[in-house]
Amino acid sequence: MAKENRKETPIIDENEVIKRKKEKIVQLKELGVNAYANGVAPDTTTEKVIALYKDEPLEALKTPGGREKHSIAGRVVALRVMGKLAFARIKDEAGSLQVAFTRDTMGEDFYKLFKKSCDIGDIIWVEGEVFVTRTEELTLLVDKFTLLTKSIRPLPEKFHGLTDKELRYRQRYLDLIMNDEVKKSFVTRTKIVKFIRNFMDEHDFLEVETPMLHPLVSGAAAKPFETHHNALDMKLVLRIAPELHLKRLLVGGMGKVYEINRNFRNEGISVKHNPEFTMMEFYWPYATYEDMMLFTEKMIAKLAEEITGSTQVVYQEKTIDFSAPWKRMTVEESLIEAGVVTKDALKDESALKEIAKTKGISADKIEKMSRFKVMMELFDEVVEPTLWNPTFITKYPSEVSPLARRSEDDDDYTDRYELFMAGREIANAFSELNDPAVQLAVFQQQAEAKQGGDEEAFDMDVDYIRALEYAMPPAAGQGIGIDRLVMLLVDAPSIRDVILFPHMRPE
RNA sequence: GGGUUGGUAGCUCAGCUGGUAGAGCAUCUGACUUUUAAUCAGGUGGUCGCGGGUUCGAACCCCGCCCAACUCACCA
C-alpha cells in the first residue's frame with residue numbers, strides 16, 4: 001500500500017541559535033548591512049593564491065606590505081577572534097585559505113563591524129595581500145571585507161565534523177561543506193564519465209538519448225516503476241534498460257551508438273543498489289562479443305590508470321589488477337574451477353540440485369528450476385563473490401539470456417559474457433539476437449511467464465519484432481554499471497557514496 | 001520483507017541496578033594583536049525518535065510504530 005509522503009504542515013525545525021541569528025540579521029539591517037548581498041565577486045580562488053606564492057621565500061613573506069592584492073570569497077569555516085586580531089579560514093570551491101583581520105589594517109570602526117557581523121558559516125568576500133604568520137602559514141591580511149550571505153544554521157562541530165551517515169546522505173550540502181573527500185569523489189565520478197564519453201567518441205560511437213518513459217517493460221529482468229500520463233490517460237513505466245531502443249537505431253542504420261543515463265528498477269536498496277542508477281550502454285554493428293571483450297578491457301584498464309595513476313587499484317584494502325588481458329572462463333569452467341561441480345554433474349539436473357542444496361540455496365527455490373537456472377544460481381552464490389580481478393564469464397545459457405544471440409554450435413548457450421570485479425557484476429554484454437523468429441518465440445515465452453506471475457518478465461514488444469524483420473545488422477552490445485565502476489575507482493564501500501543524492505525514505 | 005545494532009542539545013557523544021538530563025564544540029556576555037580543536041571567566045540551550053503500558057517514579061523495563069546503518073533475501 002502506498003504511504004502518504006507529504007506531512008500535514010511543513011515545519012522547519014528552529015532552535016535558540018537559529019532564532020538569535022535571525023534577530024542578528026534584523027539588527028545588521030538597521031546598521032545598513034545587507035545579510036544577503038550580491039554583485040561582489042572574487043577575482044581569484046584560494047588555490048590560485050596559494051599557488052602564486054608557493055615558491056616565494058618564507059622569510060620575505062613574513063613582513064606584510066607592498067604585495068599585490070587579491071580578493072577571494074567563500075564560507076567561513078573557522079573563526080578565532082583575539083581582541084584586536086582575528087583569524088578565519090575561508091573555504092571556496094577550490095580549497096581553503098587562512099585570512100587575518102586586524103584593527104590596525106581595517107581601522108577601528110570597520111574592524112568592529114566585521115566582529116559584529118561575521119560568524120562561522122557565513123559566506124564572505126575579502127580583499128588584501130598575503131603574508132606568512134609565525135607558524136609559517138600563508139594568510140591573507142584583510143583590508144576590505146563584505147558580508148555576502150549570513151548563515152542562520154550552526155555548522156556541525158569542527159573537530160568531529162558531520163559523521164552521521166543518515167545526515168550526510170540526506171543533507172549532502174552539509175556533507176560537502178564539512179567533508180572535503182566527498183567533493184573529491186564526485187569530481188572523480190565526473191572525470192570517469194567524461195573519460196568514457198571521450199573514449200566512445202574517439203572510437204566513433206555516437207551518443208544518443210532514448211526515452212526514459214516506456215509504454216512496455218523490456219530490456220532486462222526487473223520490476224519497473226509505474227507512472228501515468230494524464231493527457232493520454234495511459235500507464236507508463238520508467239525504463240529498466242534502453243536496450244531495445246538502441247537496437248532499433250541499429251536497424252535504422254545509425255551505426256555505433258551509446259547512451260549514458262539512468263535506469264530505474266523497482267527493487268531492493270542495498271550497498272550495491274540504488275533505485276535509479278547510471279548505465280553506459282552501447283551497440284557496435286558488425287562486432288561480436290569477443291571484439292567487445294577486447295574493447296572493454298582496453299577501455300577500463302586505461303580508465304583505471306587515468307583516474308588512479310595505475311592499473312593496480314586498491315579497493316577496500318585489496319588490490320584489483322586492471323591490467324589487460326583479463327581472465328576469461330565459461331560459466332561451467334568457473335564452476336568446475338571453483339570445485340563446486342564435476343563436468344558430469346553439470347549435465348545432470350538432479351545432481352546439480354543436490355549440490356545447490358549443500359550450498360545453502362533454498363530447496364523450494366531449486367525444485368522449480370531448470371538445470372540451467374540451478375547452474376546460474378550456483379554461479380551467483382559460489383563463484384561470483386570470488387571473482388576479484390576483472391574476469392569475463394562467458395557462455396551463458398539461452399534460458400537466462402532473452403536478447404542474446406544463440407551460439408552457432410549449441411543453441412542452449414549464447415555468445416554472451418558478464419564482467420565481474422571485486423566480487424560483483426560490472427557489465428553485461430553479448431552478440432545481439434537479430435533473428436526475428438527466435439526473438440518472437442522468446443517474447444512469447446516471456447509473456448506466458450508474466451501471465452504466470454513472473455513480475456520480472458518482459459512485455460511483448462511487437463514493434464521491436466517488426467524492426468528486426470527489416471534486418472538489424474549483426475552487432476555486439478554492452479551495458480556497464482557506472483556507479484559500481486566509480487565505487488571501485490574511488491574506493492567507496494557503498495553506492496550511496498558515489499550518488500550525490502541517494503534515495504532515502506522521507507524524514 | 002527478515003535479522004542485528006542504533007536514534008539523548010545544532011554537531012560529536014556520556015548517562016551505572018528505574019530515583020532531579022550531562023560533557024566538549026557551536027551559540028550568548030566579558031577579556032585577549034600570530035591563532036589554527038586558540039585560551040580564560042560566566043550564561044543560554046532538551047517532546048531523551050513517536051505512541052501506548054508497567055511503576056510512587058521511566059532516557060533506562062514492556063508493547064506497537066517510524067527512521068537509519070550493517071546484514072540476508074532480490075537485483076546491475
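Nothing here was measured: the structure is a model prediction, and the numbers come from that model. By convention in this document, chain letters (A, B, ...) are assigned in the order of the sequence lines, proteins followed by strands, and residues within each chain are numbered from 1.
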**Student:** Would you indicate which nucleotide in B:U34, B:C11, B:A69 comes nearest to any side-chain atom of A:R134?
**Tutor:** B:U34
**Student:** Check every atom of B:A76, B:U35, B:A68 against the side chain of A:E425 and return the nucleotide holding the closest atom.
**Tutor:** B:A76
**Student:** For the base of B:U34, is there a side-chain donor-acceptor partner from A:E137 under 3.5 Å away?
**Tutor:** no
**Student:** Just checking A:G161: base, sugar-phosphate only, or nothing, at a heavy-atom cut-off of under 4.0 Å?
**Tutor:** sugar-phosphate
**Student:** Give A:N274 one of three labels, base, sugar-phosphate or nothing, depending on what nucleic acid heavy atoms sit under 4.0 Å from its own.
**Tutor:** base
**Student:** Counting side-chain heavy atoms from C-beta on, which of B:U71, B:G24, B:A26 comes nearest to A:E157?
**Tutor:** B:G24
**Student:** Look at the side chain of A:L162 and decide which nucleotide, out of B:U12, B:C28, B:A68, has an atom nearest to it.
**Tutor:** B:U12
**Student:** Out of B:A26, B:U12, B:C70, which nucleotide sits closest to the side chain of A:K165?
**Tutor:** B:C70
**Student:** In the structure shown, which nucleotide is the Watson-Crick or G-U wobble counterpart of B:G57, with both distances under 3.5 Å?
**Tutor:** none
**Student:** Using whole Å, what does the distance between atom C1' of nucleotide B:G7 and atom OH of A:Y169 come to?
**Tutor:** 17 Å
**Student:** So which protein nitrogen or oxygen atoms get under 3.5 Å of nucleotides 38-43 of chain B's nitrogens or oxygens?
**Tutor:**
{"residue": "B:A38", "atom": "OP1", "partner": "A:K158", "partner atom": "NZ", "Å": "2.2"}
{"residue": "B:A38", "atom": "OP2", "partner": "A:R80", "partner atom": "NH1", "Å": "3.1"}
{"residue": "B:A38", "atom": "N6", "partner": "A:V81", "partner atom": "O", "Å": "3.3"}

**Student:** Could you check if a side-chain atom of A:E56 sits within less than 4.5 angstrom of a side-chain atom of A:V130, using non-hydrogen atoms only?
**Tutor:** no
**Student:** Between B:U33, B:A73, B:C13, which one does the side chain of A:L85 approach most closely?
**Tutor:** B:U33
**Student:** Could you give the CD-to-P distance, from A:E166 to B:C67, as a whole number of Å?
**Tutor:** 10 Å
**Student:** Take atom CE of A:M504 and atom C1' of B:C66, then tell me their distance rounded to the nearest Å.
**Tutor:** 14 Å
**Student:** When all nucleic acid strands are considered with a 4.0 Å heavy-atom cut-off, which category describes A:F264: base, sugar-phosphate, or nothing?
**Tutor:** nothing
**Student:** Answer yes or no: is there a donor N or O on one side and an acceptor on the other, between the side chain of A:N179 and the main chain of A:L162, under 3.5 Å?
**Tutor:** yes
**Student:** Please report the distance, rounded to the nearest Å, between CZ in A:R170 and C1' in B:G10.
**Tutor:** 17 Å
**Student:** Using a heavy-atom cut-off of 4.0 Å across all strands, would you classify A:E418 as base, sugar-phosphate, or nothing?
**Tutor:** nothing
**Student:** Has A:R496 got a side-chain N or O lying under 4.0 Å from the OP1 or OP2 atom of B:C70?
**Tutor:** yes
**Student:** Show your working on side chain to side chain contact (heavy atoms under 4.5 Å, CB included) between A:F205 and A:E259 and close with a plain yes or no.
**Tutor:** CA-CA 10 Å; A:F205 283 83; A:E259 178 164 8; over 6 Å; no
**Student:** For the side chain of A:R75 and the backbone of A:G121, is there at least one donor-acceptor N/O pair under 3.5 Å apart?
**Tutor:** yes
**Student:** For A:R424, report the nucleic acid contact type (base, sugar-phosphate, nothing); a contact means any heavy atom under 4.0 Å.
**Tutor:** nothing
**Student:** Check the phosphate of B:A68 against A:R505, side-chain N and O only, distance under 4.0 Å to OP1 or OP2. Yes or no?
**Tutor:** yes
**Student:** Across the strands shown, which category fits A:A221 at heavy-atom distances under 4.0 angstrom: base, sugar-phosphate, nothing?
**Tutor:** sugar-phosphate
**Student:** Report yes or no: does A:K450 contribute a side-chain atom to a donor-acceptor pair with the main-chain N or O of A:Q445 at less than 3.5 Å?
**Tutor:** no
**Student:** Which nucleotide in the list B:A76, B:G10, B:U33 gets nearest to the side chain of A:I495?
**Tutor:** B:A76
**Student:** By a strict heavy-atom criterion of less than 4.0 Å, which residues belonging to residues 390-404 of chain A are in contact with RNA chain B?
**Tutor:** none
**Student:** Is the positively charged end of A:R103 above the ring of A:Y111, judged by distance under 6.0 angstrom from the centroid and angle within 45° of the axis?
**Tutor:** no
**Student:** Could one point to a donor on the side chain of A:T133 or the base of B:U35 with an acceptor on the other under 3.5 Å away?
**Tutor:** yes
**Student:** Is there a Watson-Crick or G-U wobble partner for B:C32 with both distances under 3.5 Å, and if so, which one is it?
**Tutor:** none
**Student:** Under 4.0 Å from OP1 or OP2 of B:U12: is there any side-chain N or O of A:T163 that close?
**Tutor:** yes
**Student:** Report which part of the nucleic acid A:I426 touches: base, sugar-phosphate, or nothing (heavy-atom distance under 4.0 Å, all strands).
**Tutor:** nothing
**Student:** Is A:D104 side chain donor-acceptor paired with the B:U33 base, going by distance under 3.5 Å alone?
**Tutor:** yes
